[in-house]
Number of protein chains: 2
Amino acid sequence: MHTTLYAAGVQTGSIHHSLRALILDGRYPPGARLGEVEVAETLGVSRTPVREAFRALTADGLLAAAGRGVRVVELSAEELSHVYRVRAALEALTAELAAERQRAGRLAPAELTDLAALADRTHRATVERELTEAVRLNRQFHRRVAELAANPVALHSLERLWDQIQVSTRRSLHAPDRTALVDDQHRELLAAVTAGDPAAAGAAARRHVLDTCAAARPPEKE
Amino acid sequence: MHTTLYAAGVQTGSIHHSLRALILDGRYPPGARLGEVEVAETLGVSRTPVREAFRALTADGLLAAAGRGVRVVELSAEELSHVYRVRAALEALTAELAAERQRAGRLAPAELTDLAALADRTHRATVERELTEAVRLNRQFHRRVAELAANPVALHSLERLWDQIQVSTRRSLHAPDRTALVDDQHRELLAAVTAGDPAAAGAAARRHVLDTCAAARPPEKE
DNA sequence: CCGAAGCCCGTTGCATACAATGCATACAAC
DNA sequence: GTTGTATGCATTGTATGCAACGGGCTTCGG
C-alpha cells in the first residue's frame with residue numbers, strides 16, 4: 001500500500017526534517033498531541049520512520065514524551081527563561097569567537113558584508129510587518145554570527161535552543177516598539193565583531209538575548 | 001522468538017539507556033560500527049526498538065550516521081576542543097547561577113556540604129588511582145554544580161557534552177601531575193560559590209574546563 | 001601479475017501484522 | 001446521584017517479512 005512503490009531508502013532523515021518543519025511552522029502547535037498513524041498518513045509513510053522521527057525530535061527537545069505518545073513541547077515562562085539564559089551564554093560565546101577570528105584576520109570581508117546585509121533585511125522586514133520573513137531573517141542573522149565563530153558544536157546547540165524558542169513564542173511575537181532597539185543591538189554586535197573586540201561582542205550578544213527574553217513575556221508577573 | 005514472551009511494554013526507553021551506558025563504558029569504542037541485529041541480540045529485543053535508540057542517540061550526539069548505519073562518534077582533536085569551549089561557557093554559566101542563588105540565600109547549607117564532600121571523594125579516588133571511580137565522581141561534582149544552578153536546560157546541554165567528552169577521551173586519561181591542580185581548581189570553584197561571588201565562580205569554572213581541555217591533548221602538535 | 005567488472009551476501013530501510021496497555025464510556029450497585 | 005467496575009476502542013510497542021543498496025570477493029580480461 002501507500003502508493004510508495006519503493007523509491008525508498010532516503011526517507012528516514014527527511015521525515016525528521018519534514019516533521020520538524022511542520023512543528024516550527026506552527027502546523028502542530030505547542031502542547032498538541034501527535035498520533036503516529038495521523039502523522040504517518042500526512043507524510044505518506046508507515047509508522048516506523050515516524051516513530052524514529054519522534055525519538056529523534058524528542059532528543060532534539062521539540063517533542064516531549066507524554067505518558068502514552070508524544071506532544072509538542074510547551075515551555076512555561078520559567079522554562080523559557082532558562083532556555084534564554086543558556087542561549088545568552090552560547091551567543092556570547094559565538095560572538096566572542098567571531099570577533100576573535102576577525103581580529104586574527106580569519107574572516108573574509110565578504111562575510112561581514114553579508115552579515116550587515118542580513119541585519120538590513122531583518123530590519124526592513126520588521127518595519128514592513130512581514131512577520132514570518134522577519135523571524136526567518138532574524139534567526140538567520142544570529143545563525144550567521146554563530147557560523148562566523150566556526151564552532152559547529154555551539155552552532156548545533158544553538159539551533160536546538162532557537163527551535164524551542166521559535167515553537168514556544170509563536171503567538172507572543174514582537175512588541176512593536178522594540179523594532180528600533182533590536183536593530184540597534186544587531187548593529188552594535190556587528191560593529192563589535194567588525195572591530196575584532198571579543199569582550200564587546202560577547203557583552204552585546206548577551207545583552208541582546210536577555211533583552212529579548214525580558215520582552216518575550218510582558219504579561220507575566222512572576 | 002527472542003524468549004521475550006511479552007513482559008513487554010517498558011523497553012523503548014530502557015534500550016536507549018542501556019545502549020548509552022554500553023557506549024559510555026567503552027564497550028563500543030569510538031568509531032565502532034554498530035549493527036542493528038548485533039545490538040538487538042545483545043539486548044534481547046528485536047531490531048525496531050534498537051533502531052529507535054539509534055536515532056535518539058544520534059540526536060544526542062553519541063552516535064553518528066555513517067552512510068548506511070551508525071558508528072560511535074569519534075571526535076578529532078579540533079572537534080573536541082570545540083566541545084570543550086562550549087562546555088566552558090556553559091559551566092561558567094552554571095557556576096555563576098549557583099553563586100547567585102547562594103548569594104540570594106536559596107542554597108541550603110547541606111547542598112554546599114555535599115559538594116565539598118564530592119570534591120573530597122573525587123580527590124581521594126584520584127590519588128588512589130581508582131580511575132573509573134574518579135571519573136565518575138569528577139563528573140558528579142560538575143553535575144552537582146549544574147544542579148545548584150537550577151537550570152535544567154543548561155544541565156541537559158552539559159550532559160550531552162560530558163557524554164561526548166567521556167566517549168572521546170577514554171584512552172587519554174589523566175596526566176598524573178594534574179591531580180593537585182584539578183583539586184585546587186575544584187576548591188576554588190567551591191569557595192567562589194560558597195562566597196556567593198558569581199564572577200569569581202564563573203571565571204574559576206571556565207579556567208578549570210579550559211585547562212582540562214589543554215591537558216586532554218598533550219601529544220598533539222596542531 | 002594486476003586491474004576492473006560482475007555477482008553474491010550481509011545489512012539497512014520500510015511496511016505490516018500482532019500483542020498489550022490505557023482511557024473512555026456505560027452500566028450497575030449502593 | 002455518585003462511585004466503582006467492567007468492557008470496548010483507539011493507539012502505542014514490538015516483531016518480522018520483504019525489497020534495495022553497498023561492500024567484498026571472485027573471476028575474467030589485459
Side-chain angles (χ1 to χ4, degrees), chain A residues 1-23 27-60 62-74, chain B residues 1-23 27-60 62-74:
Chain A
M1 186 280 181
H2 272 126
T3 66
T4 324
L5 72 153
Y6 273 97
V10 204
Q11 286 179 206
T12 197
S14 63
I15 298 292
H16 181 179
H17 287 106
S18 305
L19 191 50
R20 172 173 172 272
L22 255 40
I23 295 169
R27 176 77 173 63
Y28 292 106
R33 194 178 145 63
L34 268 70
E36 297 180 1
V37 280
E38 173 210 346
V39 174
E41 284 171 4
T42 300
L43 299 180
V45 293
S46 81
R47 285 173 50 214
T48 309
V50 171
R51 286 176 62 81
E52 293 175 12
F54 279 9
R55 298 294 177 271
L57 288 167
T58 300
D60 283 343
L62 274 186
L63 297 178
R68 214 170 173 73
V70 298
R71 25 184 16 104
V72 177
V73 70
E74 187 171 30
Chain B
M1 184 279 184
H2 271 124
T3 63
T4 324
L5 71 153
Y6 274 97
V10 204
Q11 286 179 205
T12 197
S14 62
I15 299 292
H16 180 178
H17 286 106
S18 305
L19 191 50
R20 172 174 172 272
L22 254 39
I23 294 170
R27 177 77 174 62
Y28 292 106
R33 192 176 148 64
L34 268 69
E36 296 180 0
V37 279
E38 174 210 344
V39 175
E41 283 171 4
T42 301
L43 299 179
V45 294
S46 81
R47 287 171 48 213
T48 309
V50 171
R51 286 176 62 82
E52 294 175 13
F54 279 9
R55 298 298 175 271
L57 288 167
T58 300
D60 283 342
L62 275 186
L63 297 178
R68 216 167 171 77
V70 298
R71 25 184 16 106
V72 177
V73 70
E74 187 170 29

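No experiment lies behind these values; they were computed from the predicted model shown.
One atom, CZ of B/Arg68, and another, P of C/dG13, lie 6 Å apart when rounded to the nearest Å. B/Leu34 places its CG atom 17 Å from the C1' atom of C/dG13, with the value rounded to the nearest Å. Per the geometry, CD1 belonging to B/Ile15 stands 8 Å off P belonging to D/dT14, to the nearest Å. Regarding B/Arg55, its CZ atom lies at a distance of 8 Å from the P atom of C/dC14, rounded to whole Å. One atom, CD of B/Glu36, and another, C1' of D/dT14, lie 14 Å apart when rounded to the nearest Å. Atom CZ in A/Arg71 sits about 14 Å away from atom P in D/dT11, given to the nearest Å. Distance, B/Phe54 CZ to C/dT11 C1': 12 Å, rounded to whole Å.
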(request) Begin with the C-alpha distance, continue with both residues' side-chain angles, and end with the deciding distance and a verdict on side-chain contact (heavy atoms from CB on, under 4.5 Å) for A/Leu34 and A/Leu19. (result) CA-CA 11 Å; A/Leu34 268 70; A/Leu19 191 50; 4.1 Å; yes

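The shortest distance between side-chain heavy atoms of B/Val73 and B/Leu63 does not fall below 4.5 Å.
Considering only side-chain atoms of A/Arg47, the nucleotide from D/dG22, D/dG13, C/dT21 that sits closest is D/dG13. Set against C/dT16, D/dT14, C/dG13, the side chain of A/Ser46 has C/dT16 as its closest nucleotide.
The shortest distance between the side-chain N/O atoms of B/Thr48 and the OP1/OP2 oxygens of D/dT14 is not below 4.0 Å. Contact check, B/Arg51 against C/dG13: a side-chain N or O comes under 4.0 Å of OP1 or OP2.
Residue pairs meeting the salt bridge (Lys or Arg N to Asp or Glu O under 4.0 Å) criterion with at least one partner in residues 30-40 of chain A, sequence neighbours excluded, are A/Glu36-A/Arg47, A/Glu36-A/Arg51.
Rounding to the nearest 0.5 angstrom, the gap separating the CG atom in B/Leu22 from the CG atom in B/Leu62 is 12.0 Å.
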